[in-house]
Amino acid sequence: MKNAKANYILTITCPDVAGLVAEVSSLLAKNGAFILEANHHNELTSGRAFLRFAFVDQTEGHSADGWRAHYQPLIARYQADLKIYDISQPMKVMIAVSKFGHCLQDLIHRWKAGILPVEICGVVSNHEDMRSFVEWAGLPFHHLPITKDTKPQQEQQIRDLFKSYDAELLILARYMQILSAEMCQDFDGKAINIHHSFLPSFKGARPYSQAHAKGVKIIGATAHYVTTNLDEGPIIEQAVERVDHSVSVEEFVTIGRETETVALTRAVRWHGERRVLLDGPRTVIFK
Ligand SMILES: Nc1nc2c(c(=O)[nH]1)N[C@@H](CN(C=O)c1ccc(C(=O)N[C@@H](CCC(=O)O)C(=O)O)cc1)CN2
């Protein structure tokens, strides 16, 4: 099938057994699927299997639930965590930002250029700094100020907007507020943060100053899923650059911004293409 474009993604995680890949792929073929991409990983430490198939429904007669129905027996037999995604439409995302716009601008630039496989629906911020850029880009901007006392209400505003956009991913593109445990639960696996250090080093605020004080020779950035434990969520992507004694902390910040945009854009692309599977505190990514 030439120039075919997948319209479904199937992902499975379960204890790995002989014949699993054959069984999953033959069920697809038997029901009219044309497989365009097939990935399998066996995690040695846990014996768990991670599978991803991108396929075309040649019958055009299925919905995601229809495909899922074919797999109910397999799900039961293997206690599998199986997901089917209809990818005929790009994933809807909402971006949160504070004052620094370099990651936001990079994402919007790539989206407008058609090279980011998501649909940006809107931007929320606890500051006004990015309003003019976002509205110039033709996107809704929501200023949601926050204080210690108004945090629950402000976070509810974020939930309400996310729901109103039918969004599936919240991108913290240098959003400098710590999400509450309730928010982390509500956005489990659906919120990606960019931390401006090569984690696990230099968690928390002012990581570039921490790194400069340590005299590191490499700096970087880490895109990770957001969890209650600050900067400890499963890592999706990291990017690094070399520095040396002659590089000032201000230059660390400038050099670091490039690594932040690179790591976050890749993480959003891979998550948007359903290429990221969670393996407890780690990720399996089929690039
Ligand atoms: N629950 C989580 N929330 C957030 C995470 C996370 O990993 N889990 N990452 C941060 C981003 N971040 C570092 O990458 C970060 C942001 C903010 C702070 C911080 O100390 N903020 C202060 C307020 C600062 C201010 O008002 O300017 C605070 O919230 O009290 C540390 C790290 C995004 N959220």
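All residue numbers in this chain count up from 1 along the given sequence. No experiment lies behind these values; they were computed from the predicted model shown.
Leu278 approaches Phe50 most closely through the heavy-atom pair O-CE2, 3.6 Å. Here the closest heavy-atom approach between residue Ala80 and residue Leu74 is recorded as CB-CD2, 4.4 Å. In terms of heavy atoms, Pro234 sits closest to Gly280 at CG-O, 3.9 Å. The two residues Ala137 and Lys112 make their nearest non-hydrogen contact at O-NZ, 3.0 Å. Nearest approach of Met130 to Ser98, heavy atoms of both residues: CG-O, 4.3 Å. Summarising the geometry of Ile219 relative to Gly256, their closest heavy-atom pair is CD1-N, 4.0 Å, with the distance given to 0.1 Å.
Note: Leu230 CG to Ile178 CD1 = 4.5 Å, rounded to the nearest 0.5 Å. Here the CD1-NE2 distance, from Ile115 to His109, works out to 5.0 Å after rounding to the nearest 0.5 Å. To the nearest 0.5 Å, atom CZ of residue Arg68 and atom CG of residue Leu82 are 5.5 Å apart. Between the OG atom of Ser248 and the CD1 atom of Ile255 there is a distance of 8.0 Å, given to the nearest 0.5 Å. Between Leu116 atom CG and Ile108 atom CD1 the span is 10.5 Å, to the nearest 0.5 Å. Considering CZ of Arg174 and SG of Cys103, their distance stands at 7.0 Å, rounded to 0.5 Å.
Note: the hydrophobic cluster containing Leu20 also contains Ile75 (ILVMFWY, side chain heavy atoms under 4.5 Å, direct or indirect links). Residues Leu28 and Tyr85 fall into different hydrophobic clusters, defined by Ile, Leu, Val, Met, Phe, Trp and Tyr side chains chained together at heavy-atom separations under 4.5 Å. There is a path of hydrophobic side-chain contacts, each under 4.5 Å, that joins Tyr225 to Met91. No chain of hydrophobic side-chain contacts below 4.5 Å, direct or via other Ile, Leu, Val, Met, Phe, Trp or Tyr residues, connects Ile9 to Leu27. The hydrophobic clustering, which links ILVMFWY residues whose side-chain heavy atoms are closer than 4.5 Å, places Val284 and Tyr78 apart.
Judged by distance alone, the side chain of Asp57 and the main-chain N or O of His62 form a donor-acceptor pair under 3.5 Å. Checked by atom type and distance alone, the side chain of Thr283 pairs as donor or acceptor with a backbone atom of Ile235 at under 3.5 Å. For Ser125 (side chain) and Glu128 (main-chain N/O), no donor-acceptor pair under 3.5 Å exists by modelled atom type. Remark: the backbone N or O of Phe202 is paired with a side-chain donor or acceptor of Ser197 at under 3.5 angstrom. A distance-only check finds a donor-acceptor pair linking the side chain of Thr222 to the backbone of Leu199 [under 3.5 Å]. Proximity of a side-chain donor or acceptor of Thr150 to a complementary backbone N or O of Gln153 within less than 3.5 Å is not detected. Not one N or O on the side chain of Gln177 forms a donor-acceptor pair closer than 3.5 Å with the backbone of Ile146.
Classified by interplanar angle (parallel below 30°, tilted 30° to 60°, perpendicular above 60°), the ring pair Phe141/His143 is parallel. Taking the six-membered ring where the residue is Trp, His212 and Phe252 present perpendicular rings, their angle passing 60° and hence far from 30°. Using bins of under 30°, 30° to 60° and over 60° for the plane-to-plane angle, the ring pair Phe187/Phe162 lands in the perpendicular bin.
Aromatic rings from Trp67 and Phe55 are positioned such that their centres are separated by under 6.0 Å.
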Worksheet item: Could you go step by step and tell me if Tyr71 and Val24 meet the side chain to side chain contact (heavy atoms under 4.5 Å, CB included) rule?
Response: CA-CA 8 Å; Tyr71 282 87; Val24 173; 4.0 Å; yes
Practice prompt. Check step by step if side chain to side chain contact (heavy atoms under 4.5 Å, CB included) holds for Val268 and Trp111.
Written response: CA-CA 11 Å; Val268 169; Trp111 168 66; over 6 Å; no
Practice prompt. Please assess Val124 against Tyr175 for the test side chain to side chain contact (heavy atoms under 4.5 Å, CB included), listing each intermediate value before the final yes or no.
Written response: CA-CA 9 Å; Val124 299; Tyr175 179 68; 5.5 Å; no
Worksheet item: For Leu104 and Leu107, what are the C-alpha separation, side-chain angles and deciding distance, and is it a side chain to side chain contact (heavy atoms under 4.5 Å, CB included)?
Response: CA-CA 5 Å; Leu104 169 74; Leu107 289 169; 5.9 Å; no
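Under a cut-off of 6.0 angstrom, the local environment of CD in Gln156 is crowded, with over 12 non-hydrogen atoms contributed by other residues, nucleotides or ligands. Within a 6.0 Å sphere centred on OH of Tyr8, heavy atoms belonging to other residues, nucleotides or ligands number more than 12. The local environment of CZ in Arg206 is sparse, with at most 12 non-hydrogen atoms from other residues, nucleotides or ligands closer than 6.0 Å.
Comment: Glu237 does not engage Arg269 in a salt bridge, judged by the lack of any side-chain N to carboxylate O separation of less than 4.0 angstrom. A salt bridge links Lys83 and Asp81; the closest N-O separation between the charged side-chain nitrogens and carboxylate oxygens is under 4.0 Å. Note on Asp186 versus Arg159: salt bridge recorded, some NZ/NE/NH1/NH2 to OD/OE distance being below 4.0 Å. A salt bridge links Arg274 and Glu168; the closest N-O separation between the charged side-chain nitrogens and carboxylate oxygens is under 4.0 Å.
Under the 4.5 Å side-chain criterion, counting only non-hydrogen atoms from C-beta, Ile95 is in contact with Ile120. In this structure the side chain of Thr59 never reaches within 4.5 angstrom of the side chain of Asn31, judged on heavy atoms. Inter-residue side-chain proximity for Phe198 and Val216 is flagged as unmet; no heavy-atom pair is nearer than 4.5 Å. Put simply, the side chain of His70 does not reach to within 4.5 Å of the side chain of Lys30, judged on heavy atoms. Contact check for His271 versus Leu169: side-chain heavy atoms found under the 4.5 Å cut-off. For the pair Asn42 and His40, the minimum side-chain heavy-atom distance is below 4.5 Å. Leu170 has its side chain out of reach of Val226: every pair of non-hydrogen atoms, C-beta onward, lies at least 4.5 Å apart. A heavy-atom distance below 4.5 Å is found between the side chains of Glu37 and Arg275.
Remark: the Thr254 side chain and the Glu251 side chain contain no N/O donor-acceptor pair separated by less than 3.5 Å. Checking Asp244 against Ser246 by side-chain atom types alone, a donor-acceptor pair falls below 3.5 Å. Side-chain polar atoms of Ser88 and Asp86 form a donor-acceptor pair below 3.5 angstrom.
The only option from Ile218, Val262, Thr259 that meets the side-chain contact (heavy atoms from CB on, under 4.5 Å) definition with Val240 turns out to be Ile218.
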